[in-house]
Amino acid sequence: MIYRSLGRTGWNISAIGFGAWAIGGTWGDTDDAAAMAALHRALDRGVNFFDTADVYGDGHSERLLARLKRERPGDAFHVATKAGRRLNPHIADGYRDLRPFIERSLKNLETDSLDLLQLHCPPSAVYAMPEVFAALDDLVREGKLRHYGVSVERIDEAIAALKFPGVQSVQIIYNLFRQRPAEVFLPAAQAAQVGVLARLPLSSGMLSGKFTRESRFGADDHRGFNRQGEAFDKGETFSGVDFEQGLAAVEELRALLPPGASMARLALRWILMNEAVTAAIPGGRTPEQVDENVSAADLAALPAPLMQALADVYLRRIAPQVHSLW
C-alpha cells in the first residue's frame, strides 16, 4: 500500500481508500455479511481511510463502520463522513447549521468526534457564505469535529473551497472519464496543502470493464434510475457519460491494458499517477472487489506513451459529453 499526507491533518492515509456508498444503499441489494467481510479485508490489506455519508442507506453505512470499529479495536483507521444532503429542501441556507445532522452521525458512528466531516456537494452559493465555514470552525473547537472538508460537483466549487483556511480536503470526481481537474484544480490544491479525494474513481463501475449492453440494474440502483440526473446530479452516475458511449470507450481502453492489469487496476493506478491526489476511494461490496482495488497500488508507474493514449481516448470520446458538467 502507498500512503500519502491528507492536507495539514498530520494523517498518512492509504492511497486506495474505501468508499462506503455501495454498502449503504442505492446500488441495488445490500448484503451486510458481505459488506463486513469487505471492510475487514480492506483493513487486512492496509486500507486506513473509509469514506461514508449520512445519506448512504440513511445512516446504514455509518453504522456498519461503527461495527467495524467494535470488531477491530486494535486497528487504527480514519472515517470521513458527509452532511448536508438530508436537507429538504437542499438549499444553501440549510448549511448554516448542520449540527443536528452531525449529532446523528456521531451517534451512528458511536464516537464523540468525527474524524473528517465533509459538506456533501452543497449548492455553489455556500462558497460565498463564510459563516458556514465559521460554524464548522466552531465545531472543531468544541471537539465535535477533528477536521472538515468538502465534496463538490464542479471544479469552480473546488477552487472556491481552497480560500477557507479550515478546509483540509476536497473530494471531487476524478477518473479516466473526468480528467479536467488535473488542468487547474489539482495543482492549486497541492499548492494550498489541501488533500484531494478522488470519488467515483471507477465511474460507477463502468471503468471496471465488467458491464455490457445487456447489463441491467435494479429499481433501487442509481445506475438505472439516475442516468439523466432524475434523482440527483447527473455526474454522479457513470460520471455523466452515456452508458452505450461509455462501453465503447472502455473497449478502447481495454486494448491499452499493460500485462497483468485489469481495467479497474489501470483506472485506479492512473489516478494515483498524479501526486496531488491523496487517495482514490473506490467502493467494495465483496472481499474480492477490495483485493482488486487495493492491488492497483502494486502496479508499476504507467509509462508516458500509455498516459498519452489514455488521454487521447478521453479527449476524443468523453470530453465533449462531460464538458457541461464542470
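A quick note: this is a predicted structure, and the numbers were derived from the prediction, not measured.
Here ring-ring contact (aromatic ring centres under 6.0 Å, His included) pairs that include residues 269-304, with residues two or more places apart or in two chains, are Tyr174-Trp270.
Salt bridge absent: Lys107 and Glu103 never bring a charged side-chain N and a carboxylate O closer than 4.0 Å. Under the 4.0 Å criterion applied to side-chain N and carboxylate O atoms, Lys210 and Glu292 are assigned as salt-bridge partners. Under a 4.0 Å N-O distance rule, the pair Glu252/Arg316 qualifies as a salt bridge. Checked for salt-bridge contact, Arg199 and Glu153 meet the test: a charged N lies under 4.0 Å from a carboxylate O. Taking 4.0 Å as the cut-off between side-chain N and carboxylate O, Asp291 and Arg45 count as a salt-bridged pair. Ion pair Asp58/Arg104 flagged as a salt bridge, since at least one NZ, NE, NH1 or NH2 atom sits closer than 4.0 Å to an Asp/Glu carboxylate oxygen. The pair Asp51-Lys82 counts as a salt bridge, with a side-chain nitrogen and a carboxylate oxygen less than 4.0 angstrom apart. With respect to Glu244 and Arg213, a salt bridge is recorded, a charged nitrogen being found less than 4.0 Å from a carboxylate O.
Counted by atom type alone, Asp54 and His120 present zero donor-acceptor pairs between their side chains at under 3.5 Å. Looking at Glu157 and Ser124, their side chains do bring a donor and an acceptor atom within 3.5 Å of each other. Side-chain atoms of Asp312 and Gln308 include a donor-acceptor pair closer than 3.5 Å. Judged by distance alone, the side chains of Tyr148 and Asp137 do bring a donor and an acceptor atom under 3.5 Å apart. With 3.5 Å as the limit, one finds no donor-acceptor pair spanning the side chains of Glu62 and Thr52. Remark: the Thr237 side chain and the His222 side chain contain an N/O donor-acceptor pair separated by less than 3.5 Å.
By the 4.5 Å heavy-atom criterion applied to side chains, Val250 and Phe211 are not counted as neighbours. Arg99 has its side chain within reach of Leu139: a pair of non-hydrogen atoms, C-beta onward, lies under 4.5 Å apart. Using a 4.5 Å heavy-atom threshold, the side chains of His60 and Asp32 count as touching. No side-chain heavy atom of His147 sits less than 4.5 Å from a side-chain heavy atom of Asp115. Between Leu116 and Ser169 the shortest side-chain heavy-atom distance falls below 4.5 Å. Two residues are said to be in side-chain contact when any heavy atoms from C-beta on lie closer than 4.5 Å; Leu64 and Tyr56 fail this criterion. Between Leu39 and Val290, every side-chain heavy-atom pair lies at or beyond the 4.5 Å cut-off.
Here the closest non-hydrogen pair linking Ser14 and Phe49 is OG-N, 3.7 Å. Across every non-hydrogen atom of Ala280 and Leu268, the tightest pair is CB-CD2, 4.1 Å. Between Lys144 and Leu106, the shortest heavy-atom distance links the atoms CD-CD1, 3.8 Å. Pairing each heavy atom of Leu162 with each of Ala189, the nearest pair is CD1-N, 3.9 Å. Nearest heavy-atom pair across Ala182 and Pro187 is O-CD, 3.6 Å. Of all non-hydrogen atoms in Gln118 and Leu197, the two that sit nearest each other are OE1-CD1, 3.6 Å.
A donor-acceptor contact shorter than 3.5 Å links the side chain of Arg8 to the backbone of Val167. Between the side chain of Arg4 and the backbone N or O of Val277 there is at least one donor-acceptor pair closer than 3.5 Å. Judged by distance alone, with hydrogens and angles left aside, the side-chain atoms of Asp97 form no donor-acceptor pair with the main-chain N or O of Ala135 at under 3.5 Å. Of the possible polar contacts, none joining the Thr111 side chain to the Leu114 backbone as a donor-acceptor pair under 3.5 Å is found. The backbone N or O of Gly46 sits less than 3.5 Å from a side-chain atom of Tyr3, completing a donor-acceptor pair. With Arg63 contributing its side chain and Asn108 its backbone, the two residues share no donor-acceptor pair below 3.5 Å. Formation of a donor-acceptor pair under 3.5 Å by the Gln179 side chain with backbone atoms of Leu176 is found in this model. Checked by atom type and distance alone, the side chain of Asn175 pairs as donor or acceptor with a backbone atom of Leu200 at under 3.5 Å. Ser61 places a side-chain N or O within donor-acceptor distance of the main-chain N or O of Ala20, the cut-off being under 3.5 Å. Distance alone, capped at 3.5 Å, places no donor-acceptor pair between the Ser5 side chain and the Gly7 backbone.
No more than 12 heavy atoms of other residues, nucleotides or ligands sit less than 6.0 Å from atom CD of Gln193.
The aromatic ring centroids of Phe101 and Tyr95 lie 6.0 Å or more from each other. Aromatic pair Phe77/Phe50: ring centres closer than 6.0 Å. If you look at Phe243 and Phe238, their ring centroids are closer than 6.0 Å.
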Glu236/Arg223 under salt bridge (Lys or Arg N to Asp or Glu O under 4.0 Å): CA gap, chis, key distance, verdict
CA-CA 9 Å; Glu236 300 284 345; Arg223 293 171 295 184; over 6 Å; no
Stepwise, does the salt bridge (Lys or Arg N to Asp or Glu O under 4.0 Å) test hold for Arg96 with Glu131?
CA-CA 7 Å; Arg96 297 177 190 275; Glu131 63 272 23; 2.3 Å; yes
Kindly indicate, with the supporting measurements, whether the criterion side-chain contact (heavy atoms from CB on, under 4.5 Å) is fulfilled by Ser203 and Val241.
CA-CA 9 Å; Ser203 191; Val241 176; 5.5 Å; no
Run Glu110 and Arg67 through salt bridge (Lys or Arg N to Asp or Glu O under 4.0 Å) and show every step you take.
CA-CA 9 Å; Glu110 300 175 15; Arg67 177 178 165 186; over 6 Å; no
Test log, rule side-chain contact (heavy atoms from CB on, under 4.5 Å), inputs Leu247 and Thr212:
CA-CA 7 Å; Leu247 290 177; Thr212 70; 5.5 Å; no
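Leu119 CG to Leu98 CG: the interatomic distance, rounded to the nearest 0.5 Å, is 6.5 Å. Interatomic distance, CG of Leu310 versus CG of Leu315, reported as 11.0 Å (0.5 Å rounding).
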